[in-house]
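Here the structure comes first, spelled out in structure tokens, and everything after it is commentary.
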Amino acid sequence: MGYNIGVRLIEDFLARSNVGRCHDFRETADVIAKVAFKMYLGITPSITNWSPAGDEFSLILENNPLVDFVELPDNHSSLIYSNLLCGVLRGALEMVQMAVEAKFVQDTLKGDGVTEIRMRFIRRIEDNLPAGEE
Amino acid sequence: MADPALFEFLHTEMVAELWAHHSDPGPGGQKMSLCVLEGMGFRVGQALGERLPQETLAFREELDILKFLCKDLWVAVFQKQMDSLRTNHQGTYVLQDNSFPLLIRMASGLQYLEEAPKFLAFTCGLLRGALCILGIKSLVTASVASLPTCKFQVVIQKT
């Protein structure tokens, strides 16, 4: 579901934020944290834990607004409640030619101190020209 | 505060998701999906009905509660007030929104009239849930004559 939302959200984002093309993954990370999260959820996650190759980073959310009034019931204790966010990130980035993986590594709903989403750059998506066009 | 666009995106996706997983494409399955949406709206309405009222409100009468729905609840969820509220003073209210945000991107006029009910089910539940938590049992239905104007009919159930 998050993926489907992300695929459409990116247009809304680009129309309203006026950011230009990002030149590398670091710039992308900045735009996600400082512009997108701020615009949509009113928070600015911090960016940490860059991998040496520069293709992975973590978004740290001190407070996740989606879980303000939420507690996980016992029978759903392994539910990744905000997984929608990962789908949104994946869908939106795919529309700007980046294949990424996003997943939760820490979650305040499960007792962790912060919420951490790990973002990994997989590859750039090349546009496939329709057959017959060059 | 979360951006209003998020709720619209989420709502659209909820409707799409429920419709995609129809094992029964006939009217029975559709009703099920509408019920599920209405039920979700009901839960959210209950939560908002508890959380929203600012003062420990002495809602003096039924009409005050309906006005609360048209103003405070509608603004909280849709960033606008209901455009009109009419009643027969006998327990039936008609709330009209001339440019309902969940329909406005779809079309204007008669196109997609058949699709409109899917996009109204959640909101009917929302109204019913808020009324419930405020002590009123009701039946809420919606009708669309021409997008994006829609009417929510609230019929108070006397116990």
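Side chains included, hydrogens not; waters and symmetry mates left out as well; all remaining heavy atoms used. Letters go in sequence order (proteins before strands), and every chain restarts at 1.
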- Verify the cluster assignment for B:L120 and B:F42: are they in a single hydrophobic cluster under the rule of side-chain heavy atoms below 4.5 Å apart? no

- Query: Cluster question for you: counting only ILVMFWY and a side-chain heavy-atom cut-off of under 4.5 Å, with indirect links fine, are A:W50 and A:M98 together?
  - Reply: yes

- Are A:F121 and A:V96 in one and the same hydrophobic cluster, where Ile, Leu, Val, Met, Phe, Trp and Tyr link if side-chain heavy atoms are under 4.5 Å apart? yes

- Applying a criterion of heavy atom separation less than 4.5 Å, what residues of residues 5-15 of chain B form contacts with chain A? B:A5, B:L6, B:F9, B:L10, B:T12, B:E13, B:M14

- Got a sec: does the NZ of A:K110 have more than 12 other heavy atoms crowding it under 6.0 Å? yes

- Heavy-atom neighbours of B:Q157 CD exceed 12 at 6.0 Å: yes

- Query: Do B:L139 and B:Y93 sit in the same hydrophobic cluster, where Ile, Leu, Val, Met, Phe, Trp and Tyr count as joined when their side-chain heavy atoms come under 4.5 Å apart?
  - Reply: no

- Message: Is it true that, when you exclude A:K103 itself, more than 12 heavy atoms of the residues, nucleotides or ligands shown sit nearer than 6.0 Å to its NZ?
- Response: no

- Message: Are B:V36 and A:L84 linked, directly or through intermediate hydrophobic residues, by side-chain heavy-atom contacts shorter than 4.5 Å (ILVMFWY only)?
- Response: yes

- Which members of residues 1-27 of chain A, sorted by number, sit under 4.5 angstrom from chain B on a heavy-atom basis? A:M1, A:N4, A:I5, A:R8, A:L9, A:D12, A:R16

- Side chain, backbone, both or neither: which part of A:L66 has a heavy atom under 4.5 Å from chain B? neither

- Message: Can you confirm whether A:E62 is buried at CD, in the sense that more than 12 heavy atoms of other residues, nucleotides or ligands lie under 6.0 Å from that atom?
- Response: no

- Query: Taking atom CG of A:N63 as the centre, does the number of heavy atoms from other residues, nucleotides or ligands within less than 6.0 Å exceed 12?
  - Reply: no

